[in-house]
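Letters A, B, ... are given to chains in the order of the sequence lines, protein chains preceding strands, and every chain is numbered from 1.
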2 protein chains.
Amino acid sequence: MATSAQRPEPHFNAFAVSCPSRRLLDTIGDKWVSLLIVGLGLHGPLRYSELSSLIAGVSQKMLTQSLRRMERDGLVTRTVTPSIPVRVDYELTPLGQSLLEVMCRLKEWAEVHMPQVEAARATYDAATH
Amino acid sequence: MATSAQRPEPHFNAFAVSCPSRRLLDTIGDKWVSLLIVGLGLHGPLRYSELSSLIAGVSQKMLTQSLRRMERDGLVTRTVTPSIPVRVDYELTPLGQSLLEVMCRLKEWAEVHMPQVEAARATYDAATH
DNA sequence: CTGGATCCCAACTGATACTG
DNA sequence: CAGTATCAGTTGGGATCCAG
């Protein structure tokens, strides 16, 4: 008991923990963040409600949370127009766009190799481990 | 109990759910899987215990679980040598190596752009939202 | 030595309700 | 319309024990 209060931050001496690539994975590994990057990249600036309907499966909480993280990381800009119904637009920054390109690389790999992965899974599952 | 059997799989009509890139993220977004790919890619074939000490922060459960997923996905091969103390070697498959290259792309992006991300975070946090 | 099985806690996710 | 707060369900991850 009380051990959880320690938060010892174990001695991860693994090569990649302090590496920036590790942190990047924390970002793009996020389900909604990756979708938002692609969505904003393909459709340009979008309003909060537009994103909400575009992604469709996301809750307000997750949408806001993800956008916040992306804004904090400098991936998107948040523009508030103080009209009567407040209007908020989100747009990919140049940094975000460069990340979009990398994401597309991933997408390309996936499109080419995922069939092999699927096949491997089928074979593995059929082996009834 | 039993509730997990539902697996509702909500009507994600988002563009990327049925897309292979989405599934790829499920794989490489995994903390340990990505580390294992890099580790095996750089050090060649490794034994279970060697991986355990290389990653260091991982528990046996996570290590086994991650290796299982990777084996299932055809990213690594699992070779069992039935010697007296059983010996198990894990090696990256060609498929896994091709993924390693993509991961390196990510790494390169991270090394170049993460400073900007860090700076953006500092600025954002300083704004005391 | 490998790694499967179990228990347990913490974190994340998501639906709903509410506010400016 | 945009966003916050709360609460409940689910999952992930780690320590330990045990089996082959």
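In the helix from dC1(C)-dG20(D) to dG20(C)-dC1(D), the terminal helix axes, each the rotation mapping four pairs' C1' atoms onto the next four within five end pairs, subtend 40°, rounded to 10°.
Here ring-ring contact (aromatic ring centres under 6.0 Å, His included) pairs that include residues 54-112 of chain A, with residues two or more places apart or in two chains, are W109(A)-H113(A).
Remark: Q97(A) pairs with L92(A) by the side-chain contact (heavy atoms from CB on, under 4.5 Å) rule, at least two apart or across chains. With sequence neighbours excluded, the residues forming a side-chain contact (heavy atoms from CB on, under 4.5 Å) with E50(A) are L46(A), R47(A), listed by chain and number. The salt bridge (Lys or Arg N to Asp or Glu O under 4.0 Å) search around R87(A) returns D89(A), not counting sequence neighbours. Not counting sequence neighbours, the partners of E118(B) by the salt bridge (Lys or Arg N to Asp or Glu O under 4.0 Å) test are R23(A). For Q60(B), the side-chain contact (heavy atoms from CB on, under 4.5 Å) partners are Y48(B), not counting sequence neighbours. In this view, S52(B) and L63(B) satisfy the side-chain contact (heavy atoms from CB on, under 4.5 Å) rule, not counting sequence neighbours.
Summarising the geometry, the separation between CG on L46(B) and C1' on dG3(C) is reported as 17 Å, rounded to the nearest angstrom. In this structure, L63(A) places its CG atom 11 Å from P of dG14(C), rounding to the nearest Å. To the nearest angstrom, P of dC12(C) lies 11 Å from CG of D26(A). Per the geometry, CG belonging to L51(A) stands 14 Å off P belonging to dC1(D), to the nearest Å. Rounded to whole Å, atom P of dG20(C) lies 17 Å from atom CD1 of I84(A). Rounding to whole angstrom units, NZ of residue K31(B) and P of dA11(C) are separated by 12 Å. One interatomic measurement links the two molecules: CE of M62(A) to P of dT16(C), which rounds to 15 Å at whole-angstrom precision.
OP1 or OP2 of dG14(C) sits under 4.0 Å from a side-chain N or O of W32(A).
The two residues L36(A) and S66(A) have their closest heavy-atom pair at CD1-CB, 3.6 Å.
Taking 4.5 Å as the limit, some side-chain heavy atom of M62(A) sits within range of a side-chain heavy atom of S59(A).
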Can you pull every protein N or O that's under 3.5 Å from an N or O on nucleotides 2-4 of chain D?
from	atom 1	to	atom 2	distance (Å)
dA2(D)	OP1	R47(A)	NE	3.2
dA2(D)	OP1	R47(A)	NH2	3.4
dA2(D)	OP2	S49(A)	N	2.9
dA2(D)	OP2	S49(A)	OG	3.0
dG3(D)	OP1	R78(A)	NE	2.8
dG3(D)	OP1	R78(A)	NH2	2.7
dG3(D)	OP1	Y90(A)	OH	2.9
dG3(D)	OP2	Y90(A)	OH	3.0
dT4(D)	OP1	R68(A)	NH2	3.2

